[in-house]
> 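Sharing a structure with you now.
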Amino acid sequence: MEATIVTLPGDGIGTEVVSEGVKALQATADKYGHSFTFDEGLIGGCAIDATGAALPDGTLQACQRADAVLLGAVGGPRWSDPAAKIRPEQGLLGLRQELGLYANLRPVRLYEPLLDVSPLRPERLRGLDLVVVRELTGGIYFGPRREATSNGGTAYDTMVYTGDEVRRIAHIAFRLAQQRRGKVTSVDKANVLAVSRLWRRVVTEVAAEYPDVTLENMLVDTAAMHLLRQPTDFDVILTANMFGDILTDEASMLAGSMGMLPSAWLGENHAGVYEPIHGSAPDIAGKDIANPIATILSVAMLLRYSLDLEHEARAIEDAVEAVLAEGYRTLDIRVDGATPVGGEEMGDLIAEAIRERGSPEPAHVSEVSTRAHVHQEKKSHA
Ligand code: IPM
Ligand code: MG
């Protein structure tokens, strides 16, 4: 197939990890006979420097035309003045909002070779495989706000959800659970927040349409604790924008490192944005030590959800697992006896494994149709 992929490397380690993601895409194209055209754009701090805006019009338009977008990370000390009116993060928030990408899928899967890397005991982690479905274009990130004009002044942010916003993200979580282990844990703060009480009522209503899925409601503080106590209890976690932001950073440590967690931003159209959940890590930028795996696994999600190439997505995930099993490790996932590699070498090893391993024939036909289903069903619940 032919596809146009916009790359937005952004700032800090964003540029390094996106290069390795592109390598994985090229290896996939060569191996499976696809043709991907890459179009690079500016976002975040580098975009502010070049154009004065964190999300330049040209970038937004290129993303609107693309089949998918691969994003690195934004931000850095250079643009972090709290008094600044234009901030790199506005690039991410603007892109989510402008493209209507309200569903953020953040899978947290423990790759068996990394069992000893997480700070948690291995027996609590074996078999860990959960997905956080985070609402991405509403809630406290986008509600009415006021900046304080002085330290004696008042500032506020408001958490707002409409029933429709809750309903559409809930459907995504339930559809996903149907293809997985059939459980949704909806995380809220319904004992305190009115917006969470609406959330809980609407999610419970949607659950009635999915008799094959079990719904569990959990308060966010309990969820934070339970993620460490018994993380394998979770299958699909459905939650609001800010709770999802916080819980996914916590959950990333179960997988060994933030450097392992990919994500997808999805909306009504097939095109989505894919990015590692980690940030721009300016302290390690330019040293070739950043782990590119989160970005390479994001590329697998891109193939799965935007290009419907499930077999190729699996091939990338298998290549990652194989390289880890051979003992190659970047700094963040190193253990005794591992073979230390830099980010670029890790990217090369994975690209090589994609080219050499796997069969060119789709081997998981039933998976192809069920995974693609997430997207189709999502459309019908717009
Ligand atoms: C994330 C990030 C962003 C968020 C920031 C950089 C705006 O933390 O994608 O998790 O809070 O959504
Ligand atoms: Mg975050």
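Just follow the structure's listing: the first ligand is 1, and inside any ligand the first atom is 1. Throughout, numbering of the chain's residues begins at 1 and tracks the sequence.
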> Do me a favour and list the nearest non-hydrogen protein atom to atom 3 (C) of ligand 1 with residue, atom name and distance?
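The answer is R96 NH2, 4.0 Å.
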> Between R314 and E310, is there a salt bridge with N-O shorter than 4.0 Å?
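Salt bridge between E310 and R314, a charged N being under 4.0 Å from a carboxylate O: yes.
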> Would you mind telling me which of E275, E250, E135 makes a salt bridge (Lys or Arg N to Asp or Glu O under 4.0 Å) with R106?
E275
> Contact between M346 and V323 at the side-chain level, heavy atoms closer than 4.5 Å - yes or no?
yes
> Taking non-hydrogen atoms only, is M258 closer than 4.0 angstrom to ligand 1 via side chain, backbone, both or neither?
neither
> Distances under 2.8 Å only: what protein N/O/S atoms are near the Mg ion (ligand 2), ordered by chain and residue?
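Per the 2.8 Å query on the Mg ion (ligand 2), atoms found are D245 OD1.
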> Quick check with a 6.0 Å cut-off and a 45 degree axis cone: is R145 positioned over the face of Y156's six-membered ring?
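Negative - R145 is either too far from the ring of Y156 or too far off its axis.
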> One thing to verify: whether R304 and E312 come together as a salt bridge, which I'm taking to mean a side-chain N less than 4.0 angstrom from a carboxylate O.
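The answer is no: the pair does not qualify as a salt bridge.
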> Taking only Lys NZ, Arg NE, NH1 and NH2, and the carboxylate oxygens of Asp or Glu, determine whether R109 and E321 approach each other closer than 4.0 Å.
yes
> Over 60° means perpendicular and under 30° means parallel, so tell me whether Y210 and F174 are parallel, tilted or perpendicular.
parallel
> R134 near ligand 1, heavy-atom distance under 4.0 Å?
yes
> Going by the order shown, which atoms of ligand 1 are within less than 4.0 Å of some heavy atom of E275?
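Near E275, the atoms of ligand 1 are 9 (O).
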> Hey, could you give me the CG/OH distance between L303 and Y274, rounded to the nearest 0.5 Å?
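Result: 9.0 Å between the selected atoms.
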> Flag the pair R180 and D235 as a salt bridge only when some basic side-chain nitrogen lies within less than 4.0 angstrom of an acidic carboxylate oxygen.
yes
> So is M242 touching ligand 1 or not, going by heavy atoms under 4.0 Å?
no
> For ligand 1, which atoms, with element, lie under 4.0 Å from some heavy atom of Y141?
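Contacts of ligand 1 toward Y141, numbered from 1: 4 (C), 11 (O), 12 (O).
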> Identify the protein heavy atom lying closest to atom 8 (O) of ligand 1, giving its residue, its atom name and the separation to 0.1 Å.
D245 OD1, 3.2 Å
> Would you check if the distance from the ring center of H270 to the ring center of Y305 is below 6.0 Å?
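Centroid distance H270-Y305: not below 6.0 Å, so no.
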> Heavy-atom distance to atom 1 (C) of ligand 1: which of R87, R106, E89 wins?
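Residue with the shortest heavy-atom distance to the ligand atom: R106.
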